[in-house]
Amino acid sequence: MRSLIYFPGFEPSHVDWLKFALLYLDKVRPIVPESADAQLSDTFRDVLRFTDLIELYRPAYREGELATADAIEQVERILGRPQLFAAIFGTDRVDQLWRRAHADDMELWNEKFSHNWQSFCRENGFGRASAHGMLIPKSLAGVYMTILANCIADGHGFPPISDDASISEFSFFVRRREIAGDGAEAAVLQTSLPIVLPENLSEIDLNAVMRLRHSRRFEEKRHALQEVVQKVATAVEDGREDADLKKDLGNVFQDFSDDVARLGTGLASLAFGIWMVTNGPSFGSMEATRQALVGTAFTVGGVIALRRTWNNTRVKRLARRYLLDIDRLHRETGKGVGDG
């Protein structure tokens, strides 16, 4: 969690997600072309200017080319059998959905894709030209941005993070791979790390959270928590049981959460999802993993076999993806969430 690529938008849609990131994350890199800097909100600019959390990532032309090639392949797969993706898109005729203009269409900026993506969308009746690139249906933009974020992540070793649960669900179907043979599969292990946030998070001033982040003592605790989380994630991947690690996680988490509690009137526990992906079911003994983690901060889901999809970029044996569900954050931590 030291350095993460944020997607799908330029910035989170809710300021409470920024508060979470200030408390838990080292560096968040949203994908923002230089020509889009003026689109950033004043709140986001304040976090960018006065903290070390945000570092804007400028997409390279080559990344747009690779993401375009993979996105066209993936969308053609969806169009070929749209009924398979009904649970993801809320309709078994997503092709028809994408051919209609919507008020919530999302703008993709030119720097994020190649001419081939624009031509592909035009030929299929998806979206229309805009001042900065293309306006396309939000779910189609989510497909593209998932692929672009993972392209950047695999190229630089920065895991992607999103605040959109539907994006994470779609990610199941678009795992990049470098595996020989058409029948190859990827395996995904889902875990969730409970985090704590003030119950009245929406009422807490963003400046108070930024001040806490600047505290040297809090910074040390945050780094200690990140280190033990990385060790636990590695143990999950290897299927190892480590009682001392469980104890360390509990102690560090308690120490860290004491500081978070001082921001508000109480604490709410939420799930911070981690998707761990490997080329083949090589997570070690799942039973050993369950034995190691039952009753602790991690809960273990199943191993899910996925068809391989993306061809055009190199992938490591293992990749981690992160998600905090902003909708759940809204439901469980306060009366309302402001815009970011």
Side-chain angles (χ1 to χ4, degrees), residues 4-13 17 28-33 57 59-60 62-79 82 84-90 94 97-98 104-109 111-114 116-117 120-121 126-127 133-178 186 188 190 273-277 304 306-316 319-327:
L4 303 169
I5 289 289
Y6 171 82
F7 75 107
F10 293 152
E11 60 181 274
S13 58
W17 198 93
V28 175
R29 290 179 162 89
I31 307 168
V32 183
Y57 184 86
R62 178 62 173 164
E63 291 163 341
E65 280 192 323
L66 294 174
T68 288
D70 283 336
I72 290 173
E73 178 183 347
Q74 182 63 28
V75 173
E76 286 179 337
R77 178 187 169 202
I78 294 170
L79 296 178
L84 296 180
F85 300 87
I88 300 300
F89 299 110
V94 68
L97 177 69
W98 287 346
D104 64 345
D105 281 356
M106 182 174 175
E107 188 171 40
L108 280 185
W109 286 54
E111 293 90 335
K112 294 185 176 182
F113 56 85
S114 77
N116 289 338
W117 175 252
F120 175 78
C121 289
F126 302 151
M134 296 187 66
L135 280 168
I136 61 176
K138 186 176 180 181
S139 59
L140 179 58
V143 169
Y144 186 85
M145 287 306 301
T146 298
I147 293 172
L148 176 61
N150 281 274
C151 175
I152 294 169
D154 287 346
H156 294 275
F158 304 146
I161 187 169
S162 180
D163 55 354
D164 187 328
S166 66
I167 291 287
S168 183
E169 291 176 7
F170 175 74
S171 294
F172 276 147
F173 294 90
V174 289
R175 296 293 78 175
R176 180 178 291 121
R177 55 48 179 152
E178 189 180 58
V188 175
Q190 175 190 356
I274 302 177
W275 317 91
M276 293 182 289
V277 187
I304 303 170
L306 306 176
R307 287 179 57 92
R308 65 184 181 89
T309 54
W310 298 340
N311 318 353
N312 296 298
T313 54
R314 202 160 51 89
V315 69
K316 297 180 180 179
R320 296 175 188 164
R321 308 297 189 252
Y322 298 91
L323 169 76
L324 178 70
D325 184 349
I326 191 67
D327 291 332

Interatomic distance, Cys121 atom SG to Leu135 atom CG [nearest 0.5 angstrom]: 11.5 Å

Plane angle bin for Tyr144 and Phe113 - parallel if under 30°, tilted between 30 and 60°, otherwise perpendicular: perpendicular

Contact summary for Ala149 and Pro160, nearest pair of heavy atoms: CB-CB, 4.4 Å

Side chains of Ile31 and Trp109 in contact at under 4.5 Å (non-hydrogen atoms): no

Interatomic distance, Phe7 atom CZ to Lys112 atom NZ [nearest 0.5 angstrom]: 11.0 Å

Pairwise distance CG(Asn150) to CE(Met145) - rounded to 0.5 angstrom: 10.5 Å

Flag side-chain contact, heavy atom, 4.5 Å: Trp117 against Leu108: yes

4.5 Å side-chain heavy-atom contact, Val143 and Phe85: no

CA sep, side-chain torsions, deciding dist, call: Gln74, Thr146, side-chain contact (heavy atoms from CB on, under 4.5 Å): CA-CA 11 Å; Gln74 182 63 28; Thr146 298; over 6 Å; no

Value rounded to 0.5 Å, distance of CD1 in Ile136 from CE in Met106: 8.0 Å

Non-hydrogen side-chain atoms of Glu65 and Ser114 separated by less than 4.5 Å: yes

Atom pair CG (Leu148) and OH (Tyr57), whose distance is rounded to the nearest 0.5 Å: 8.5 Å

Distance in Å, Ser162 OG paired with Leu4 CG, rounded so as to fall on 0.5 Å steps: 11.5 Å

Closest heavy-atom pair and its distance - Ile72, Asn116: CD1-O, 3.8 Å

Glu76 side chain reached by Phe120 side chain, heavy atoms, under 4.5 Å: yes

Beyond-backbone contact of Asp163 with Tyr6, side-chain heavy atoms, under 4.5 angstrom: yes

Side chains of Pro30 and Phe10 in contact at under 4.5 Å (non-hydrogen atoms): no

Side chain to side chain, Asp70 and Cys151, heavy atoms closer than 4.5 Å: no

Parallel, tilted or perpendicular: rings of Phe158 and His156 (30°, 60°): parallel

